Amino acid sequence: MTRRAPACATDCRGLPATIGRPMSTPDPTSIRVRMAPSPTGSLHIGTARTSLYNYLFAKHVGGTYVLRIEDTDVARGTDEWERDIIDNLHWLGISWDEGPQVAGGEDIGPYAPYRQSQRMELYAREADRLLASGAAYHCYCTPDELEAVRHEQERNHEAPRYNGRCLRLSDADRAAFEAEGRRPALRLKVPPEPIRFDDLIRGEVEFDNALLGDFVIVRSNGMPLYHFVVVVDDEAMEITHVVRGEDHLSNTPKHIALIRALGYREPKFGHIPLILNPDRSKMSKRKSQTAITAYREQGYLPEAMVNFLAFLGWSPGTEEEIFSLAELAERFEIGEVHKAGAVFDKDRLDYLNGVYIRSLADGQLAYRLRPFLPDALDDGILMRLAPLLKERLVRLGDATELAAYLTESDSQVADLHEPELLLPKGRSGAEVAEALALAHEALAAVPEPDFAAGELEAICRTTAEAHGWKAGDFFRPLRVAITGRLVSPPLFGSMELLGRERTLARIEAAQARLRG
RNA sequence: GCCCCCAUCGUCUAGAGGCCUAGGACGCCACCCUUUCAAGGUGGAGAUCACCGGUUCGAAUCCGGUUGGGGGCACCA
């Protein structure tokens, strides 16, 4: 329990009551949104932000937030990723009203199950309906045949789309294919009509479905495909607003075609801008760090991450920039979301993380630092260490290096530096050895109980001054001797934490190094 | 290739016809503070609002085009 990463900072299960709006206002026009991650990898930054926007939208309007696991492609390792996704969403403080609350756990909500792999019957039934109504038809084309057609089309500069070969198969043709052992895929007969919809973020958008071609909705092995399944589930779960990434914008006309064929009610769509790599392409693993876990492991705070993510593509229209999750939910308007993509600016995340770290109370910081520091440092030390580190942490993980001198042995620390590192500019080894001797003498005179930062600083300053040393120059060799580094937490606090005995021993060791 | 979306400092953005000789933040550069590094303070550089045409007394803001960027066009999700 001691080494676990910090749990989500807020109540994971729901927003604090301070949100200013009753959470479960029974509204007849009740808004239902969903997040449908696919457990094919660790929670992605983009997925996290889409989840966040859905969450903020739902909370803002008092709607219901559904988590649905898009595990159509039941592959190995799915459970692991599902766990990762749920854990990290919780870590961010994002909660949902319906869906699996715990990885592998029971689905909670009136529309359960919320895992697609468990809803196959429904998909099969809906597919049959489409087939029966003539809105969909069997296609016996093989992948090779399809590819050949595609190549042909490319050569002729035509749009690469299905040529409708199987649209009018005779029973004899079908029987022949079946006899060959071919199993049919199911294609939607896409009506060649213009599709327009009013995007929550972009306004009116129009596509021409005549350009689409009949797409496959159920594979020849019986597995339903994504476009079909989302539409069926969204209807079944009575989703009213589909808020998703812009990469789905051009998929929307397919979905609308499906919705019409199935006789469903059309939800509102909102397509949020993509998060971009520094080169402005869609943020990808290849070019950026995309796993939320990776940020968590480095010691980014969930509050900072949420604040940062929320502002990639949205702003409250004021110059305020620090917002808690609850405050974001209060302010967030889906219609204010930008249309253009936003580059993931790590410098800005770093800055925000620093702001949040500095705003933490010492006890909170100590608690959150726990997973990043060795067990050898007990809670008492952590409490005293926290204020020393607070001003200089960008990530919690940076504490590891800053506090390393505490757990390293005296000889390790000595080995960390060349003797030259001890020398301030313009000072010789002999002079510095002299200074260390003076410091050692002065510090040795401080009895154990008085060995505290204030006292140590006073003594060292007096000593430096008495011997014509500039404070900075006098402190440098001490810092290097004690921490083995040129950069450290404040010197006297560091000494105090190290303790009298080890402090003196390290100064002696440094003196020895200068001599030898 | 086809379709769709987008376009304000390097980055995130404010701006919804006159308040803009375009504001803030990050980053960057100075200086101050200072025991290192940070943090903090002060100041600075940085955007002819992609470009070209309209509309208007007046346009970053409205319209059209161009260019550029992005996304999508699978028996992946």
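Letters A, B, ... mirror the listed sequences (proteins, then strands); counts begin at 1. The basis for the numbers below is simple: all heavy atoms, side chains too, and nothing from hydrogens, waters or symmetry mates. Small disclaimer: the values here were computed from a predicted structure and weren't measured.
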Original post:
Taking only N and O in the side chain of R187(A), is any of them less than 4.0 Å away from OP1 or OP2 of C75(B)?
Top reply: yes

Subject >> Pair assignment for A30(B), Watson-Crick or G-U wobble, requiring both distances under 3.5 Å >> reply: U42(B)

Subject >> Residue pairs fulfilling ring-ring contact (aromatic ring centres under 6.0 Å, His included) with at least one residue in residues 205-236 of chain A, sequence neighbours excluded >> reply: Y226(A)-H248(A), H227(A)-H255(A)

Subject >> Flag, side chain of R500(A) to backbone of V446(A), donor-acceptor distance under 3.5 Å >> reply: yes

**OP:** State which residues pass side-chain contact (heavy atoms from CB on, under 4.5 Å) with E152(A); sequence neighbours excluded, sorted by chain then number.
**Re:** R155(A), N156(A)

**OP:** Ignoring backbone atoms, test whether R202(A) places a side-chain nitrogen or oxygen under 4.0 Å from the OP1 or OP2 oxygen of C4(B).
**Re:** no

Subject >> H255(A) NE2 to C4(B) C1', straight-line distance once rounded to whole Å >> reply: 15 Å

**OP:** Using the P atom as the reference point in each nucleotide, state the distance between A30(B) and A22(B) in Å, no decimals.
**Re:** 26 Å

Original post:
Taking only residues at least two apart or on different chains, which pairs with a member in residues 304-315 of chain A satisfy side chain to side chain donor-acceptor pair (under 3.5 Å)?
Top reply: N307(A)-Y356(A), W314(A)-E336(A)

Subject >> Comparing W314(A) and L146(A) on RNA chain B - which has the more 5′ nearest nucleotide >> reply: W314(A)

**OP:** Would you kindly give the CG-to-P distance between D350(A) and A39(B), to the nearest whole Å?
**Re:** 11 Å

**OP:** For nucleotides G71(B) and C12(B), find the distance between their P atoms and express it as a whole number of Å.
**Re:** 15 Å

Subject >> OP1 or OP2 of U13(B) under 4.0 Å from side-chain N/O of H338(A) >> reply: yes

Original post:
On a whole-Å scale, what distance lies between the C1' atoms belonging to G46(B) and G64(B)?
Top reply: 32 Å

**OP:** Quick one: list whatever passes side-chain contact (heavy atoms from CB on, under 4.5 Å) with V216(A), sequence neighbours left out.
**Re:** A185(A), R187(A), L225(A)

Atom pairs and distances, donor-acceptor, side-chain atoms in residues 482-494 of chain A, under 3.5 Å, two or more places apart:
| residue | atom | partner | partner atom | Å |
| --- | --- | --- | --- | --- |
| T483(A) | OG1 | R479(A) | O | 2.8 |
| T483(A) | OG1 | R485(A) | N | 3.1 |
| T483(A) | OG1 | R485(A) | O | 3.1 |
| R485(A) | NE | E401(A) | OE2 | 2.7 |
| R485(A) | NH1 | E408(A) | OE1 | 3.1 |
| R485(A) | NH1 | T483(A) | O | 2.8 |
| R485(A) | NH2 | E408(A) | OE2 | 2.9 |
| S488(A) | OG | R479(A) | NH1 | 2.7 |
| S494(A) | OG | P489(A) | O | 3.3 |
| S494(A) | OG | P490(A) | O | 2.7 |

**OP:** Can you run down the side chain to side chain donor-acceptor pair (under 3.5 Å) pairs that involve residues 460-469 of chain A, sequence neighbours left out, and say none if there aren't any?
**Re:** E457(A)-R461(A)

Original post:
Does S220(A) make a side-chain donor-acceptor contact with the base of C75(B), cut-off 3.5 Å?
Top reply: yes

Original post:
How far, in whole Å, is G70(B) from C26(B) if one measures between their P atoms?
Top reply: 29 Å

Subject >> Y295(A) ring center within less than 6.0 Å of F344(A) ring center >> reply: yes

Original post:
Taking CG from L249(A) and P from C4(B), how many angstroms apart are they, rounded to a whole number?
Top reply: 11 Å

Subject >> For D279(A), all residues meeting salt bridge (charged side-chain N to carboxylate O under 4.0 Å, His left out), sequence neighbours excluded >> reply: K287(A)

Subject >> Atom-pair distance (NZ on K346(A); C1' on G10(B)), nearest Å >> reply: 17 Å

**OP:** Report the distance from atom CG of L212(A) to atom P of G1(B), rounded to the nearest whole Å.
**Re:** 20 Å

Original post:
Which nucleotide, in any strand shown, forms a Watson-Crick or G-U wobble pair with U61(B), with both distances under 3.5 Å?
Top reply: none

Please list, for nucleotides 68-70 of chain B, all pairs of protein and nucleotide N/O atoms separated by less than 3.5 Å.
none

**OP:** Using modelled atom types only, decide if a donor and an acceptor are shared between the side chain of D398(A) and the backbone of V394(A) within a distance under 3.5 Å.
**Re:** yes

Original post:
Which value, in whole Å, describes the distance between the P atoms of nucleotides C3(B) and A59(B)?
Top reply: 34 Å

Original post:
Who passes side-chain contact (heavy atoms from CB on, under 4.5 Å) against S324(A), sequence neighbours left out?
Top reply: A326(A), E327(A)

Subject >> Opposite nucleotide pairing with C75(B), Watson-Crick or G-U, both atom distances under 3.5 Å >> reply: none

Please write out the pairs of protein N or O atoms and N or O atoms of nucleotides 21-25 of chain B separated by less than 3.5 Å, giving the distance to one decimal.
| residue | atom | partner | partner atom | Å |
| --- | --- | --- | --- | --- |
| G23(B) | O2' | E319(A) | OE2 | 3.1 |
| G24(B) | O4' | E319(A) | OE2 | 3.2 |
| A25(B) | O2' | E321(A) | OE1 | 3.0 |
| A25(B) | O2' | R348(A) | NH1 | 3.2 |
| A25(B) | N3 | R348(A) | NH1 | 3.0 |

Original post:
Taking any strand in view, what nucleotide pairs with C37(B) in a Watson-Crick or G-U wobble way, both distances under 3.5 Å?
Top reply: none

Subject >> Below 4.0 Å: OP1/OP2 of A14(B) and any side-chain N or O of S315(A) >> reply: yes

**OP:** Can you tell me, in whole Å, how much space there is between the C1' of C29(B) and that of G68(B)?
**Re:** 31 Å

Original post:
In terms of side-chain heavy atoms of V487(A), which of A77(B), G72(B), C37(B) is nearest?
Top reply: C37(B)

**OP:** Name the residue closer to the 5' end of RNA chain B, choosing between K339(A) and A342(A) according to the nucleotide with the nearest heavy atom.
**Re:** K339(A)

Subject >> Strand partner of A25(B), provided both Watson-Crick or wobble distances fall under 3.5 Å >> reply: U11(B)

**OP:** Write down the distance between CG (L211(A)) and P (G72(B)), rounded to a whole number of angstrom.
**Re:** 18 Å

Original post:
Counting only N and O atoms by type, is there a donor-acceptor contact under 3.5 Å from the side chain of N353(A) to the main-chain atoms of G299(A)?
Top reply: yes

Subject >> Protein-nucleotide distance (H248(A), atom NE2; C3(B), atom C1'), rounded to Å >> reply: 17 Å

Set out, line by line, the N/O atom pairs under 3.5 Å between protein and nucleotides 33-35 of chain B.
| residue | atom | partner | partner atom | Å |
| --- | --- | --- | --- | --- |
| U35(B) | OP1 | R461(A) | NH1 | 3.1 |
| U35(B) | OP1 | R461(A) | NH2 | 2.2 |
| U35(B) | O2' | R479(A) | NH2 | 2.9 |
| U35(B) | O2 | R479(A) | NH2 | 2.5 |

Original post:
Taking atom P of A77(B) as reference, at what distance in whole Å does atom CZ of R34(A) sit?
Top reply: 14 Å

Original post:
Which whole number of Å gives the distance between the P atom of C37(B) and that of A25(B)?
Top reply: 25 Å

Original post:
By side-chain hydrogen bond (donor to acceptor under 3.5 Å, both in side chains), which residues pair with R115(A), not counting sequence neighbours?
Top reply: E82(A), D107(A)

Original post:
Taking the side chain from E145(A) and the backbone from T142(A), do they hold a donor-acceptor pair closer than 3.5 Å?
Top reply: yes

